[in-house]
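Naming: A, B, ... by sequence-line order, numbering from 1 per chain. These numbers come from the heavy atoms of this one structure, side chains and all, not from hydrogens, waters or symmetry mates. Source: prediction; values computed, not measured.
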Amino acid sequence: MTAINFKQIEEKWQRGWADAKAFEAEISSAKKFFFTVPYPYTSGPLHIGHGRTYTLGDIIARFKRLQGYNVLFPMAFHVTGTPILAIADSIARGEEEVVARFKDYIAIYEDADKVDELINSFRSAENVANFFAARISADFKRMGYSIDWRRKFNTTEPMYNKFIEWQFKKLYDKGVIKKGKYPITYSIEDDSAVGEDDIEGGDTEKVAVIEHTAIKFKLADGSCLIAATLRPETIFGVTNLWINPAASYVKLKVGDETWVVSKEAAEKMGYQKDEIAVSDETKGSVFVGKIVKELVCGREVPVLPASFVDEDVGTGVVYSVPAHAPYDYIALEDIKKSGSLELEPIKIIDLEGYELPAKEICERMGIESQMDERLEEATKIIYKDEFYRGVLNEKCGDFADVKIADIKDEVKDWLKRENIADVFYETSRKAVTRGGDKVIVAVLQDQWFIDYTPEWWKELGHKLVEGMTFYPEKYKTYMHDIVDWLAFRPCARKRGLGTQFPFEKGWIIESLSDSTIYMAMYTIAHLLRQLPVDALTEKFFDFVFLGIGDAQELSNELNVAADVLNRIKDEFEYWYPNDLRHTAPPHLSNHLVFFLMHHAAIFPESRWPRAITLNELMIREGKKMSKSKGNVIPLADVSELYGVDLYRLYCAINADFATVVNWREQDTEALRKKLNAVVELFEDSIDAESINEAELTHIDRWLLSRLYRRLRESVELFEAFRIREAGINMIFNAMNDIRYYEQRQDKDRRKRIVRAVIEEWLIVLSPIVPHVCEEIWHKLHESFISVQTLPVLNEAFIDDRVEREEEYLVALISDIKEILKVARLEPTKIYVYTAEDWKWELFRAIQDLPDKDKIREAMKLRKDKSTVEFVKQVMKSKLDYFELGEPEVIEREKKYLAKEFGCEIGLNEEHDPKGKKRFAVPLKPAIFVDG
RNA sequence: GCGGGGGUAGCCGAGCUGGACAAAGGCGCAGGACUUAAGAUCCUGUUCCGUAGGGAUACGUGGGUUCGAAUCCCUCCCCCCGCACCA
């Protein structure tokens, strides 16, 4: 027997499929199945984790093909957005880390001598995108995915731009494209918004926009010192303000008020507020010693100096609550040490376990200096504790006796209403762009949004979700929640690759908003290429997608033949809607919900998506895969390292959709052995002489029954997307059946039995491991297994009786073994006693009765003490009733039993020295061992 | 915080619409078969007790519901994930 060269057959059949155009889908009279997975973003190589989703997708597509569907499984590439641009910019700037990373990426695919030239070309975003798009499509071909590549496109192509414009016009007409204010992370230097990809370390440590409350404290001259805080509820406990004497402060004209904040804060505010004027720069020391009035209770408090105040965080002014803020407490102690100041903390929060929380936490942690880094930690502990467990006390007016967690927002809103406070946005941490410029928060005054809040839209969304199938099912409820939660979403940006926003110059459509109904493009992409871009007008898409307008009129207008227009429309109408979208749960609250909502808004119900399946992610050796950990295996290396079919099998079998797959080297080895065993079994059996029904023995029939049953179950499992169970059934369980058979029979005969089911087996298995199945199939047939339809399984061979007889035998053997083990006997003869007829009769009569009635009914039928004992035994043994000619079965298998135990077997003989016979119940014979 | 998921034998991991569950499968470990040997493969065992097919104890913790709970309800402890404009 020759071992299969996996790599060689992968290439052979992939070429074969491509040459035969096996997966190019055309309109036909057959029932269609339009299947999509998300197009990959082409900013780098894909790894085995990404591969899981695409692989399971391909398995589903292949299975649907077996079911006789005309399957369309297309693919495209996502290019729009900022990351690719950010990468190209970084490389153009010569950022070492990025350059090194992309050199590594190139080296995955290309020879070392080409790397420098290619990395040079990566200064252009387009080249980055094209390079990876080409490599990823090669990867996908190497994974054996059954994709129709003719419909490939990318999201920066002119025809795609036209399509997106159309989509936005439809939404605009519905009145959901709106303008409004919105805080974003922003670079002053670049004069533009910055995303996670633009920020230094943004992928590992996110930068969020945090809303601070900026509270006004009135100086004698009428101007206000503005102190920013995350804990506005503590305003009741303020004892003083802190200011950094060395830092610069400025006056700020805001409306008819004058504010004093740090110079840095003033600059930030310039990006958050309309029309403010800056003047009068001074040092913080100028304010030290002044008295300000807090506007809640009207108390007067002093401004004191503090070195911990950072002019570049918040407003550079902090109000002090020494009872509850460790920083404030320590700073106040310092001041007291050096002077004669009479300030005592004002306690406003009751917290179990503390008298004065800030004081006690510092004492417990041994913190004494303003510069102690542990102050940060102390602050976190107190903040959290007080937030969840703390209650505002009687000093807090209307807010007293309420938990902080429940009152915080109300206090904030009240302060704003009373014009005591304003909003100031700050980044969650200090951050710079990859180019080294400071990241601040800016408030865009005219951001474009999609407004998902209209009632009509929510209703349609829920209706759509309700009518869909989700697997795993739990995601349906979850999706309803997401539809409710979805509100306003910015849909355009100033920067990035993408389609021009049609309603205002200078904006690009944001890259998730341009990926919502793109499945529709697959149906017609290959045909649109033959048309001039100018022809792709709003009316054109209205005609194709919505059936609005007349082909002839449109033909005249666009100068495109009417039959071409009709052909395009037919193609769309044949394939749409999307029957199944397979993806991963992280997409639920963004891409998927937009996908659903936009379909609901734009298309009629008949074009709404039908089903969504989702698989969890993949980790490796128990850890998350990430480029920073360096534990990523590129998809491109799978064939070389493992073999594609092994990888596919692992994805299919290792975990259900809802479970994270753990890629473990040790497990891949175990699975490799298993796959090899299956392949060997097929190869070994394929040439065996066929067997005809008359020749079949009991155990032959048993194996056939098992295998056919497994295949039938597997098909059902596939249909329910339970691919893992289907795979286990056809690989592990079936192999166990065969091993068992080989123990009972000889190997040569096994070959003939396997030969009888081999074609069906291969077909059902082929979605998971298409290459090896194709290889073996071709020893019998010319055609591709990948385009077969499911066999009609020979149900007649699925035989309950045969299987139960075998179960009976297995149970008997295991009982005998148990006895031999416990009694430590070397048997000389084993006596088996089957239940007498009267027991069987009673057994049948009482099997369906509830336990409590069994004895009474049995006694009615047979008045004898032994009846009671027998019924008790039956109840205890919990036997499942079925008819079986016990003596016949044992008689038939006497030889096998004798061989198994190496001694003679006596069946229902008189010899019964220990009186075991009376213990026999139906389906559980009594046993006596001589030895 | 809001929302979601989870804790199962030495390890990974199924089961979780309550009963046949001492709990699938894999790995590991032990013994055996095969082999000159190694590897591969196959068989047996892998909580405790038991000289007759049985019993006891077990599925994070502590309670509860039930004739019966890994599975349902509650307490507590611990772990993981998402929270938006970003692909």
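A tilted orientation is assigned to the rings of A:His911 and A:Tyr831, their planes being inclined by 30° to 60°.
Within 4.0 Å of A:Phe449, counting heavy atoms only, lies no atom of the nucleic acid at all. Nucleic acid contact for A:His591: none, since no nucleic acid atom lies under 4.0 Å from a heavy atom of the residue. At a threshold of 4.0 angstrom between heavy atoms, the contacts of A:Ile927 include nucleobase atoms, whether or not backbone atoms are also involved. A:Pro827 comes within 4.0 angstrom of nothing in the nucleic acid, heavy atoms only.
For the pair A:Arg581 and A:Phe595, the distance from NZ or CZ to the six-membered ring centre is under 6.0 Å and the angle to the ring normal is within 45 degrees.
Out of B:C12, B:G3, B:G28, the shortest distance to the side chain of A:Arg664 is found at B:C12. Comparing atom distances between the A:Asp667 side chain and each of B:G26, B:A52, B:A84 picks out B:G26 as nearest. Set against B:C27, B:G53, B:A84, the side chain of A:Asp815 has B:G53 as its closest nucleotide.
Side-chain contact annotation: A:Tyr642 with A:Glu665, donor-acceptor N/O pair under 3.5 Å present.
Using a cutoff of 4.0 Å between basic side-chain nitrogens and carboxylate oxygens, A:Arg52 and A:Glu616 are not scored as salt-bridged.
The 5' end of RNA chain B is approached more closely, in terms of each residue's nearest nucleotide, by A:Val822 than by the other of A:Leu512 and A:Val822.
Every stem involving RNA chain B, taken as at least 3 paired positions in a row under the Watson-Crick or G-U wobble test at 3.5 Å, is listed here: B:1-7 with B:77-83, B:10-12 with B:25-27, B:28-33 with B:41-46, B:47-49 with B:54-56, B:62-64 with B:72-74.
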Could you run down the sub-3.5 Å N/O contacts of the protein with nucleotides 39-49 of chain B?
residue, atom, partner, partner atom, Å
B:C42, OP1, A:Arg739, NE, 3.3
B:C42, OP1, A:Arg739, NH2, 3.1

Interface polar pairs with nucleotides 13-18 of chain B, N/O, under 3.5 angstrom:
residue, atom, partner, partner atom, Å
B:A14, OP1, A:Thr659, OG1, 3.4

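With both ends at atom C1', the span from B:C2 to B:U71 equals 29 Å, rounded to whole Å.
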